[in-house]
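Working notes for the structure below.
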Amino acid sequence: MPNKNIEDHLESFMMELHNNIGHELREKALKFNFTFSQMEVLRYVKNQKNPTMKEIANYLHITPPSVTTIIESLMEKGLIKKEIEKSDHRIVRIIITQKALKIFNSLKNKKLEIIKKILSRLNKKDQKEFIRILTILNKDWNINYEK
């Protein structure tokens, strides 16, 4: 078997790390009975501050009727609500509820637990170096991190 070059190693490592983190988060999300699409809608609504149905459809690259189905299922779970804009009654905004925010906090805590577990394998010096390297690698992308 030929030796992999550094790019192949990096790609394999990044995919494995992403998959492992994603698996643990999906396990946690499954406890809340969410689909991937529902989680994406919730994350988008939370980060975009009350988007419209059309904005959500554009973000997910799906049709408005598909968004309606997802939104209705999230409303049944008490995770979002609709609000008609006062200046234009044709515009419906989607608002995240406190119940959904509590779930996000739970998932964020799980994510932090995973990150701590990963970083615990490194000493303090290596942790700082790892963060420094990631900062350099990410500087060319406009990354919108969760607050």
Side-chain angles (χ1 to χ4, degrees), residues 7-124 126-147:
E7 290 87 1
D8 289 337
H9 280 293
L10 183 59
E11 178 190 22
S12 295
F13 168 75
M14 290 175 68
M15 288 302 294
E16 187 173 342
L17 186 61
H18 178 267
N19 289 339
N20 289 338
I21 292 170
H23 174 75
E24 288 201 38
L25 288 174
R26 278 188 298 280
E27 289 291 315
K28 179 83 173 173
L30 284 174
K31 291 178 182 176
F32 296 114
N33 196 26
F34 290 142
T35 66
F36 178 76
S37 296
Q38 290 171 335
M39 282 303 298
E40 281 301 300
V41 167
L42 284 172
R43 182 181 11 247
Y44 184 76
V45 171
K46 179 180 177 284
N47 292 337
Q48 295 302 313
K49 309 290 186 232
N50 311 333
T52 64
M53 300 277 276
K54 183 174 180 161
E55 289 167 343
I56 295 169
N58 289 341
Y59 169 73
L60 291 176
H61 304 289
I62 61 176
T63 64
S66 296
V67 171
T68 299
T69 301
I70 296 168
I71 295 298
E72 286 173 359
S73 66
L74 291 171
M75 286 178 65
E76 287 173 12
K77 293 177 181 186
L79 302 173
I80 58 170
K81 58 184 180 178
K82 291 180 181 180
E83 186 175 276
I84 297 171
E85 201 158 290
K86 291 179 174 94
S87 62
D88 185 344
H89 294 316
R90 296 171 297 173
I91 298 174
V92 176
R93 299 238 170 240
I94 306 303
I95 299 166
I96 197 159
T97 65
Q98 286 299 315
K99 180 179 178 181
L101 291 174
K102 285 180 184 177
I103 291 170
F104 266 105
N105 285 336
S106 175
L107 290 171
K108 182 178 181 179
N109 289 339
K110 179 63 175 178
K111 200 182 311 180
L112 290 174
E113 178 185 312
I114 294 166
I115 291 168
K116 285 179 184 177
K117 180 179 169 185
I118 292 167
L119 290 177
S120 72
R121 297 178 186 149
L122 303 173
N123 63 39
K124 293 293 180 191
D126 289 343
Q127 287 178 14
K128 288 180 181 178
E129 183 66 6
F130 180 65
I131 292 168
R132 185 189 71 77
I133 291 168
L134 287 177
T135 301
I136 291 168
L137 294 175
N138 285 328
K139 76 176 186 164
D140 292 334
W141 285 282
N142 182 16
I143 297 177
N144 183 11
Y145 295 103
E146 287 183 22
K147 301 284 183 204

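If you read the sequence from its start, that first residue is 1, and numbering goes on from there.
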Q.
Show every salt bridge (charged side-chain N to carboxylate O under 4.0 Å, His left out) that has at least one partner inside residues 77-89, sequence neighbours left out.
A. Glu85-Arg93, Asp88-Arg90
Side-chain polar contacts of residues 51-60 - donor-acceptor pairs under 3.5 angstrom, sequence neighbours left out - could you list them?
residue, atom, partner, partner atom, Å
Thr52, OG1, Glu55, N, 3.1
Glu55, OE1, Thr52, N, 2.8
Asn58, ND2, Lys54, O, 3.4
Tyr59, OH, Glu40, OE1, 3.0

**Q.** Partners passing side-chain hydrogen bond (donor to acceptor under 3.5 Å, both in side chains) against Thr97 (at least two apart in sequence or in another chain)
**A.** none
Q: Applying side-chain hydrogen bond (donor to acceptor under 3.5 Å, both in side chains), name anything that partners Ser106, two or more places apart in sequence or on another chain.
A: Lys28
First locate atom [atom1] of [X], then atom [atom2] of [Y], and finally report the distance between them rounded to the nearest 0.5 Å.
{"X": "Leu112", "Y": "Leu107", "atom1": "CG", "atom2": "CG", "value": "11.0 Å"}
{"X": "Asn123", "Y": "Lys128", "atom1": "CG", "atom2": "NZ", "value": "10.5 Å"}
{"X": "Leu74", "Y": "Thr69", "atom1": "CG", "atom2": "OG1", "value": "11.0 Å"}
{"X": "Lys124", "Y": "Leu119", "atom1": "NZ", "atom2": "CG", "value": "8.5 Å"}
{"X": "Leu79", "Y": "Leu42", "atom1": "CG", "atom2": "CG", "value": "5.5 Å"}
{"X": "Leu17", "Y": "Ile21", "atom1": "CG", "atom2": "CD1", "value": "4.0 Å"}

Please name all residues satisfying side-chain contact (heavy atoms from CB on, under 4.5 Å) with [X], sequence neighbours left out, ordered by chain then number.
{"X": "Asn105", "value": "none"}
{"X": "Thr63", "value": "Pro65, Ser66"}
{"X": "Arg132", "value": "Glu129, Ile136"}
{"X": "Lys117", "value": "Glu24, Arg121"}

Q: Report yes if the side chains of Val41 and Ile94 come closer than 4.5 Å at any heavy-atom pair, otherwise no.
A: no
Q.
Please determine whether a side-chain nitrogen of the Lys or Arg among Lys110 and Glu113 lies less than 4.0 Å from a carboxylate oxygen of the Asp or Glu.
A. yes
(Q) Holding to ring pair (Phe, Tyr, Trp, His ring centres under 6.0 Å), I want the full list of residues that pass it with Phe130, two or more places apart in sequence or in another chain. (A) none
Q) Out of Ile80, Ile70, Ile71, which residue meets the side chain to side chain contact (heavy atoms under 4.5 Å, CB included) rule with Gln38? A) Ile70
Q. Applying side-chain hydrogen bond (donor to acceptor under 3.5 Å, both in side chains), which residue pairs with at least one partner in residues 13-23 are found, sequence neighbours left out?
A. none
